[in-house]
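Labels below follow one simple rule: chain letters A, B, ... track the order of the sequence lines, proteins then strands, and each chain is numbered from 1. Since the model is a prediction, treat every value here as computed from it, not as a measurement.
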Number of protein chains: 2
Amino acid sequence: MLGDRLKILRSERKLTQEELASKIGVTRGTYAHYEINKRQPDYDTLIKLADFFEVSTDYLLKGEDFYSQAKNILDNPDLQYAARDGEISEAEALDRIARILEKQKGRVPGQRQPRPKPRRN
Amino acid sequence: MLGDRLKILRSERKLTQEELASKIGVTRGTYAHYEINKRQPDYDTLIKLADFFEVSTDYLLKGEDFYSQAKNILDNPDLQYAARDGEISEAEALDRIARILEKQKGRVPGQRQPRPKPRRN
DNA sequence: TAACTAAGAAATTCTTAGCCC
DNA sequence: GGGCTAAGAATTTCTTAGTTA
């Protein structure tokens, strides 16, 4: 449920309900309802939450992790069509993407790793 | 706005408001309000719409096209971290993905192309 | 201090029915 | 037929204030 994910995301950032509530422009009571799944924020507020936590609304609403979100994109015929039409073979491109995404399995947005240092090449 | 995208998606599928309304479990009047942005469907209904049209809720809510959705993923530090840690160099992987995604620019979900024929290799 | 919740007020949405094109 | 909308009913949400841990 949405509330469970909000609670986790907020806890990771070590914020109180009141602090988060003020950031997204609602009272603390209102936000509390969201976390215990008693109320649904309107779309504007949902988008503010997604932006603040840097996750997709798909993740907030459906609980899809990074892997399944990315996989949805790979399954999109549009992507496959474009890949076929390019210089890179479809099979090669998809294989390489798939191998990268595979490493994401089980990881969810918010559980951040240190950002990799830039490479030169 | 959500309603504009719903209208386009429905038109592409050549369905009437009534047909679509029955598919997602609301009356035709209720659905009509969504398309002219007079009402906001609840989350359950929003998800049904996203599933039916095979688009993300991010697309319905924020109007992000395929390209920007995919780009968000590329910008995710998690992905960059994983790529760096793998056999494929980060730069190579991201470059290849980026070139594929570039072809998607300006195209949005729903504007489907014929699915590419499978290749053998 | 922080999280949760009852209750009345307020706002939004739903349905029906009808109108317009 | 197909899309749009008024209006009252129904439902949901908001805020305040107070309780609980």
How would you list all residue pairs meeting ring-ring contact (aromatic ring centres under 6.0 Å, His included) that involve residues 20-50 of chain B, not counting sequence neighbours? Y43(A)-Y43(B)
Is the shortest heavy-atom distance from the side chain of T30(A) to the side chain of R39(A) under 4.5 Å? no
Are V55(B) and I47(B) linked, directly or through other ILVMFWY residues, by side chains that come within less than 4.5 angstrom of each other? yes
Rounded interatomic separation in angstrom, taking CG from D42(A) and P from dC14(D): 7 Å
Residues pairing under salt bridge (charged side-chain N to carboxylate O under 4.0 Å, His left out) where one sits in residues 20-36 of chain A, two or more places apart or in two chains, turn out to be R10(A)-E35(A)
Should we say atom CD of E18(A) is surrounded by more than 12 heavy atoms from elsewhere, each under 6.0 Å from it? no
Separation of dA6(D) C1' from I36(B) CD1 (nearest whole Å): 12 Å
Report all interatomic pairs (protein N or O, nucleotide N or O of nucleotides 19-21 of chain D) with separations under 3.5 Å.
none

State, with a plain yes or no, whether a side-chain heavy atom of L46(B) is found less than 4.5 Å away from one of L61(B). yes
Expected string for nucleotides 15-21 of chain C under the B/S/- scheme (protein heavy atoms, under 4.0 Å, primed atoms plus P, OP1, OP2 as sugar-phosphate) is BS-B---
For the hydrophobic clusters of this structure (ILVMFWY residues joined by side-chain heavy atoms under 4.5 Å, transitively), does one cluster hold both I36(B) and L60(B)? no
My understanding is that only residues two or more places apart in sequence, or in another chain, count here; which of them pass salt bridge (charged side-chain N to carboxylate O under 4.0 Å, His left out) with D51(A)? K62(B)
Rounded distance in Å - CG (L2(B)) to P (dT13(C)): 11 Å
Side chains of R5(B) and I8(B), heavy atoms from C-beta outward: is any pair under 4.5 Å? no
To the nearest angstrom, how far is Y34(B) atom OH from dC4(D) atom C1'? 15 Å
Please state how far atom OH in Y43(B) lies from atom P in dT13(C), giving the value in whole angstrom units. 11 Å
Looking only at heavy atoms, what is the nearest atom pair of N37(B) and G3(B), with distance? OD1-N, 2.8 Å
Are OP1 or OP2 of dC4(C) and a side-chain N or O of K7(A) less than 4.0 angstrom apart? yes
Do you know which two heavy atoms are closest between A50(B) and S56(B), and how far apart they sit? CB-C, 4.3 Å
With the side chain of E35(B) defined as its heavy atoms from C-beta on, choose the nearest nucleotide among dA3(C), dT5(D), dC4(D). dC4(D)
Nucleotide of dT5(C), dT5(D), dA3(C) approaching A32(B) most closely (side-chain heavy atoms): dT5(D)
Could you tell me how far apart D44(B) (CG) and dT11(D) (P) are, to the nearest whole angstrom? 16 Å
Terminal axes of the helix from dT1(C)-dA21(D) to dC21(C)-dG1(D) (five pairs each): angle between them, nearest 10 degrees: 30°
Find the distance L6(A):CG to dA3(C):P and express it as a whole number of Å. 13 Å
In whole angstrom, what separates Q40(B)'s CD from dT13(C)'s P? 5 Å
